[in-house]
Novice: 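Have a look at the structure that comes next, please.
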Amino acid sequence: MRSTGIRRTLLALGVGALALTACGSDGDDAAGGKTRITVNCMPPKSAKVDRQFFEEETAAFEKKNPDIDVVPHDAFPCQDPKTFDAKLAGGQMEDVFYTYFTDARHVVDIGQAADLTPYVEELKSYDTVQRQFRDIYTVDGKIYGIPRTGYSMGLIYNRELFEKAGLDPDAPPATWDEVRTAARRIAALGDGVVGYADYSAQNQGGWHFTAELYSRGGDVVSADGKKATVDTPEGRAVLRTLHDMRWKDESMGSKQLLVINDVQQMMGSGKLGMYLAAPDNIPILVKEKGAEYENIAIAPMPGGKATLVGGDGYMFSKKATPEQIRAGLKWLDHMFLTPGDGFLGDYARAKKQDAPVGLPEPRLFTGAADARDQQVKKANANVPVENYQAFLDGNQKLEMKIEPPHAQQLYSVLDGVVSAVLTKEDADVDQLLKDASGKIDGILSRS
């Protein structure tokens with residue numbers, strides 16, 4: 001799954017933009033002998049400020065590189081699952097096109113990605129990007145894409161409800177037992193308050209089951225990607241915790257089959273103590289759901305083992321010429337990979353537009369580049385950064401794990417498992433996992 005806020009450093013409204021009309025290479029010779037590149041994920045016209053920033057940065061890039069002509073394509077979302085494969089197969093993809101992390105291997109496997117390995121040394125920022133993100137676009141030792149943003153899951157919580165329940169908001173739960181205890185105390189406040197909420201529909205329940213399984217040291221599929229690994233002690237612990245919180249503790253409320261918007265609405269209205277999400281949920285809670293920045297905090301994933309990471313990046317059409325690849329890499333460097341600058345990193349400009357600055361992610365860079373990015377972000381912060389320090393500190397100790405192969409198909413299977421546990425008090429955890437394991441094995445065997 002993608003995270004819920006597509007932009008992290010500017011407006012909570014996501015950048016989006018996969019063109020649904022003719023794309024693909026327009027030829028690398030533009031008027032005047034320029035190299036022309038088509039790119040997608042331009043913010044739609046409805047996102048006026050984002051679009052303005054995108055256009056400004058593209059114009060600045062073209063002024064700096066007068067031999068390159070950038071032709072952006074816009075729509076929303078950046079990648080439409082209904083058209084993505086068809087565009088790839090039909091050769092209609094832009095020269096430089098947006099992908100979720102989970103799509104990288106698929107694009108390579110079907111032979112639609114250009115090999116960037118001979119050119120990536122020209123991308124001056126490449127080595128500053130966190131290795132786990134770079135590795136996502138590296139297949140059999142060859143580089144096929146460039147990361148743009150990354151997110152990791154954590155525990156979002158309501159500081160005011162913690163205080164009312166006699167909990168220390170500066171010492172959030174670090175284990176699932178502590179989450180369960182905190183949820184009971186918060187739910188005991190009454191007046192419709194729910195201690196902990198989780199998704200269980202539209203594949204989102206399977207997504208969160210995976211995150212919770214990772215947090216306990218488990219996995220959804222084997223290392224070779226051939227067998228399900230959900231019918232394990234870790235998998236049973238995930239479901240039994242959810243079952244007991246729902247039915248024994250009554251700390252998850254009676255309304256189930258929730259999706260992310262439901263849970264965000266609960267948190268924004270002050271009726272929810274905790275839920276799992278990435279930091280990009282925070283501006284959505286404030287700008288769209290009625291919460292206040294001072295009252296929303298985030299901690300690392302409970303469990304102490306690992307956290308689910310996701311994100312996005314750009315790949316290049318297999319039809320792109322060497323000149324277009326070089327031009328595209330320069331464009332990515334300018335737009336997304338310059339610490340403290342560019343479309344995603346100009347925090348001073350974001351602050352002027354009252355966009356949230358100071359959220360703990362994305363944390364794309366390492367070393368001096370990361371220090372520079374954090375320095376500029378801190379100087380322009382307009383949100384309570386102390387509310388996110390536990391998340392930043394705790395993430396340093398967790399393994400970062402990407403979503404499993406064939407994620408959406410697996411999530412569909414696991415959705416039924418989670419929804420059964422949350423809607424049926426007599427749900428048979430062992431049988432549910434056994435059945436899910438068989439279905440997942442079938443999906444993997446057909447890949």
Side-chain angles (χ1 to χ4, degrees), residues 1-2 18-19 23-25 38-41 77-120 123 126 129-150 203 206-207 210 214 219-230 308-322 324-325 328-329 332 400-414 439-447:
M1 302 286 288
R2 66 181 171 86
L18 185 67
C23 302
S25 175
T38 55
V39 303
N40 65 13
C41 205
C78 285
Q79 178 183 318
D80 186 344
K82 297 177 181 178
T83 62
F84 184 71
D85 279 348
K87 286 183 63 176
L88 281 172
Q92 294 184 307
M93 198 60 78
E94 286 84 358
D95 302 314
V96 187
F97 61 93
Y98 173 97
T99 59
Y100 300 135
F101 282 174
T102 48
D103 296 310
R105 184 65 186 244
H106 170 65
V107 177
V108 175
D109 286 347
I110 63 175
Q112 296 297 322
D115 180 2
L116 308 181
T117 313
Y119 311 98
V120 79
L123 183 62
Y126 183 73
V129 176
Q130 291 193 45
R131 176 166 293 279
Q132 67 260 32
F133 295 149
R134 285 184 280 153
D135 286 349
I136 289 163
Y137 287 102
T138 302
V139 180
D140 297 330
K142 295 181 179 180
I143 300 166
Y144 290 96
I146 308 299
R148 185 191 76 153
T149 65
N203 289 13
W207 177 35
T210 299
Y214 286 177
D219 214 330
V220 176
V221 301
S222 58
D224 60 8
K226 295 181 178 180
K227 297 291 290 182
T229 55
V230 296
L308 184 150
V309 300
D312 54 44
Y314 278 90
M315 301 178 79
F316 287 65
S317 168
K318 68 174 183 179
K319 296 181 178 180
T321 66
Q324 288 174 313
I325 291 174
L329 290 174
L332 292 175
M400 303 285 156
K401 297 188 65 170
I402 193 172
E403 296 174 86
H406 312 289
Q408 294 305 319
Q409 295 179 67
L410 272 56
Y411 293 164
S412 179
V413 171
L414 294 168
K439 292 176 182 177
I440 292 172
D441 283 347
I443 293 169
L444 298 175
S445 70
R446 294 190 294 272
S447 63

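We use all heavy atoms of the structure for the numbers below, so side chains are in, but hydrogens, waters and symmetry mates are not.
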Novice: When you compare the side chain of Y144 with that of V120, does any pair of heavy atoms fall below 4.5 Å?
Specialist: no
Novice: Test your reading of the model: is there a side-chain donor-acceptor pair from Y314 to the backbone of N40, 3.5 Å cut-off?
Specialist: yes
Novice: Minimum heavy-atom separation for V129 and P147, please, with both atom names.
Specialist: CG1-CG, 4.0 Å
Novice: Would you indicate whether the side-chain heavy atoms of I146 and L116 approach each other to under 4.5 Å?
Specialist: yes
Novice: Are L410 and N203 side-chain neighbours, meaning at least one heavy-atom pair lies under 4.5 Å?
Specialist: no
Novice: State which residues pass side chain to side chain donor-acceptor pair (under 3.5 Å) with Y137; sequence neighbours excluded, sorted by chain then number.
Specialist: T99
Novice: Look at the aromatic rings of F133 and F101 and report parallel, tilted or perpendicular, splitting at 30° and 60°.
Specialist: tilted
Novice: Can you tell me if D95 and S317 form a side-chain donor-acceptor pair at under 3.5 Å?
Specialist: no
Novice: Decide whether E403 and Y411 meet the rule of one side-chain donor and one side-chain acceptor closer than 3.5 Å.
Specialist: yes
Novice: Measuring from R134:CZ to I136:CD1, what's the distance to the nearest 0.5 Å?
Specialist: 11.5 Å
Novice: Is Q409 reaching over with its side chain to a backbone N or O of H406, donor-acceptor style, under 3.5 angstrom?
Specialist: no
Novice: Between C78 and D312, is any pair of side-chain heavy atoms under 4.5 Å apart?
Specialist: no
Novice: Report the C-alpha separation of F97 and Q79 in whole Å, then their side-chain angles, then the decisive distance to 0.1 Å, and conclude whether the side-chain contact (heavy atoms from CB on, under 4.5 Å) test is met.
Specialist: CA-CA 9 Å; F97 61 93; Q79 178 183 318; over 6 Å; no
Novice: Spell out, as yes or no, whether a donor-acceptor pair under 3.5 Å connects the side chain of T321 to the backbone of Q324.
Specialist: yes
Novice: I need the minimum non-hydrogen distance between V96 and G328, along with the two atoms involved.
Specialist: CG2-CA, 4.1 Å
Novice: What residues, two or more places apart in sequence or in another chain, satisfy side-chain contact (heavy atoms from CB on, under 4.5 Å) together with K401?
Specialist: Y214, D219, A306, E399
Novice: Do Y119 and L329 make a side-chain contact, defined as non-hydrogen atoms from C-beta onward lying under 4.5 Å apart?
Specialist: yes
Novice: Among residues at least two apart in sequence or on other chains, which ones pass side-chain contact (heavy atoms from CB on, under 4.5 Å) with A228?
Specialist: S437, I440, D441
Novice: For P404 versus T210, what's the shortest heavy-atom pair and its separation?
Specialist: CD-CG2, 3.9 Å
Novice: Please tabulate, one pair per line, all N/O donor-acceptor pairs under 3.5 Å involving side-chain atoms of residues 107-115, not counting sequence neighbours.
Specialist:
| from | atom 1 | to | atom 2 | distance (Å) |
| --- | --- | --- | --- | --- |
| D109 | OD1 | R105 | NE | 3.1 |
| D115 | OD1 | T117 | N | 2.9 |
| D115 | OD1 | T117 | OG1 | 2.5 |

Novice: In sequence, state the C-alpha distance, the side-chain angles, and the governing distance for E94 and K87, and then conclude on side-chain contact (heavy atoms from CB on, under 4.5 Å).
Specialist: CA-CA 9 Å; E94 286 84 358; K87 286 183 63 176; 3.6 Å; yes
Novice: How long is the gap from CE on M93 to NZ on K319, to the nearest 0.5 Å?
Specialist: 11.5 Å
Novice: Assess whether side-chain contact (heavy atoms from CB on, under 4.5 Å) is satisfied between I402 and D135, documenting all intermediate values.
Specialist: CA-CA 11 Å; I402 193 172; D135 286 349; over 6 Å; no
Novice: For the backbone of G311 and the side chain of T149, can you confirm whether one donor and one acceptor N or O come within less than 3.5 Å of each other?
Specialist: no
Novice: Taking salt bridge (charged side-chain N to carboxylate O under 4.0 Å, His left out) as the test, write out the residues that go with D85, two or more places apart.
Specialist: none
Novice: Residues in side chain to side chain donor-acceptor pair (under 3.5 Å) with S412, at least two apart?
Specialist: none
